Amino acid sequence: KMWEEPEFTDAVVSCDGIDFPVHRAVLCKASPVFAAIFRGAMKEAQTARLDVPDAKHEAVKAMLLYIYSGDLEEQIAPHVLTLAHRFQIDDLVTEAC
C-alpha cells in the first residue's frame with residue numbers, strides 16, 4: 001500500500017528521467033547498499049536522490065515494487081537480476097533467478 005499511495009516519501013530514485021518517490025527507511029531495511037548510500041556522507045545522502053543511469057526504468061520500478069510488496073512480474077525478472085545483485089537484495093536475487 002505504501003508504494004501505491006506514496007505519502008511521506010523522503011527520497012527519489014531516478015532512472016531514464018522518471019522519478020520514483022521512495023522512503024529511505026524502507027530501502028535501507030531491504031538493502032545494505034541503499035543503507036550505505038543514504039546513511040553515509042555520499043552526495044545521495046545529502047540530496048536524498050539516487051540516479052540509476054545504466055538501467056531501464058521498468059527494471060528499477062520492478063525492483064522498488066518488489067522491495068515494497070514482494071511482488072515480481074516474471075517477464076521483467078531477468079532485467080531486475082542485475083539490479084538485485086548491485087543493491088544486494090538477496091531475496092530478489094533468488095526470486096529473479
Side-chain angles (χ1 to χ4, degrees):
K1 187 134 182 157
M2 288 177 69
W3 178 252
E4 292 147 7
E5 298 174 13
E7 289 186 300
F8 307 110
T9 57
D10 60 354
V12 170
V13 174
S14 180
C15 182
D16 289 341
I18 298 175
D19 290 343
F20 300 102
V22 295
H23 304 87
R24 284 185 280 191
V26 173
L27 271 57
C28 291
K29 185 72 173 164
S31 160
V33 176
F34 279 127
I37 289 169
F38 286 124
R39 287 185 187 145
M42 297 173 69
K43 163 185 85 165
E44 292 83 359
Q46 305 307 313
T47 63
R49 180 179 188 83
L50 173 65
D51 293 313
V52 185
D54 57 346
K56 295 181 182 264
H57 72 270
E58 295 90 351
V60 171
K61 181 179 180 180
M63 174 187 67
L64 296 171
L65 177 61
Y66 180 84
I67 289 171
Y68 276 85
S69 70
D71 295 334
L72 179 65
E73 294 180 17
E74 191 173 322
Q75 65 270 19
I76 195 79
H79 302 287
V80 175
L81 186 57
T82 302
L83 292 171
H85 280 294
R86 179 186 311 169
F87 292 105
Q88 297 178 11
I89 307 169
D90 295 336
D91 292 347
L92 182 53
V93 169
T94 302
E95 185 78 23
C97 284

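Since the structure is predicted, the reported quantities are computational estimates derived from the model, not experimental observations.
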(request) Mind checking the CE-NE2 spacing from Met2 to His23? Nearest 0.5 Å is all I need. (result) 4.0 Å
(request) State the CG-SG distance between Leu64 and Cys15, to the nearest 0.5 angstrom. (result) 9.5 Å
(request) Using modelled atom types only, decide if a donor and an acceptor are shared between the side chain of Asp10 and the backbone of Arg24 within a distance under 3.5 Å. (result) yes
(request) For Ser69 and Leu65, indicate whether the former's side chain and the latter's backbone hold a donor-acceptor pair under 3.5 Å. (result) yes
(request) Going by the side-chain contact (heavy atoms from CB on, under 4.5 Å) test, name the single residue among Leu92, Ile37, Leu27 that passes it with Phe87. (result) Ile37
(request) Please name the pair of heavy atoms, one in Ala77 and one in Ala96, separated by the smallest distance, quoted to 0.1 Å. (result) O-CB, 3.7 Å
(request) Begin with the C-alpha distance, continue with both residues' side-chain angles, and end with the deciding distance and a verdict on side chain to side chain contact (heavy atoms under 4.5 Å, CB included) for Val52 and Arg86. (result) CA-CA 11 Å; Val52 185; Arg86 179 186 311 169; 3.6 Å; yes
(request) Consider only side-chain heavy atoms of I, L, V, M, F, W and Y, link residues closer than 4.5 Å, and tell whether Val13 and Ile76 are in one cluster. (result) yes
(message) Phe34 vs Leu50, test: side chain to side chain contact (heavy atoms under 4.5 Å, CB included). Steps then yes/no.
(response) CA-CA 9 Å; Phe34 279 127; Leu50 173 65; 3.5 Å; yes
(request) For Val80 and Ala59, work out which heavy atoms get closest and say how close. (result) CG2-O, 3.8 Å
(message) Please give me the minimum heavy-atom distance between Ala45 and Gly40, naming the atom from each residue.
(response) CB-O, 3.0 Å
(request) Examine Leu81 and Val60 and state if one hydrophobic cluster contains both, with Ile, Leu, Val, Met, Phe, Trp and Tyr joined whenever side-chain heavy atoms are less than 4.5 Å apart. (result) no
(request) Could you tell me the separation between the CG atom of Leu72 and the CD1 atom of Ile67, rounded to the nearest 0.5 Å? (result) 11.5 Å
(message) Would you say that more than 12 heavy atoms from the other residues, nucleotides or ligands in this model lie under 6.0 Å from the CD of Gln75, or not?
(response) yes
(message) Tell me whether Met63 shares a hydrophobic cluster with Val12, the cluster being built from Ile, Leu, Val, Met, Phe, Trp, Tyr side chains joined at under 4.5 Å.
(response) no
(request) Specify the closest pair of heavy atoms between Pro21 and Trp3, including all atoms of both residues, with the distance to one decimal. (result) O-CZ3, 4.2 Å
(message) Using the rule given for side chain to side chain contact (heavy atoms under 4.5 Å, CB included), can you reason through Val22 versus Tyr68, listing the C-alpha separation, both sets of side-chain angles and the distance that settles it, and then say yes or no?
(response) CA-CA 9 Å; Val22 295; Tyr68 276 85; 3.8 Å; yes
(message) Quick check: His57 with Phe20 (ring centres under 6.0 Å apart)?
(response) no
(request) Decide yes or no on side chain to side chain contact (heavy atoms under 4.5 Å, CB included) for Asp19 and Arg49, but give the supporting numbers first. (result) CA-CA 9 Å; Asp19 290 343; Arg49 180 179 188 83; 2.9 Å; yes
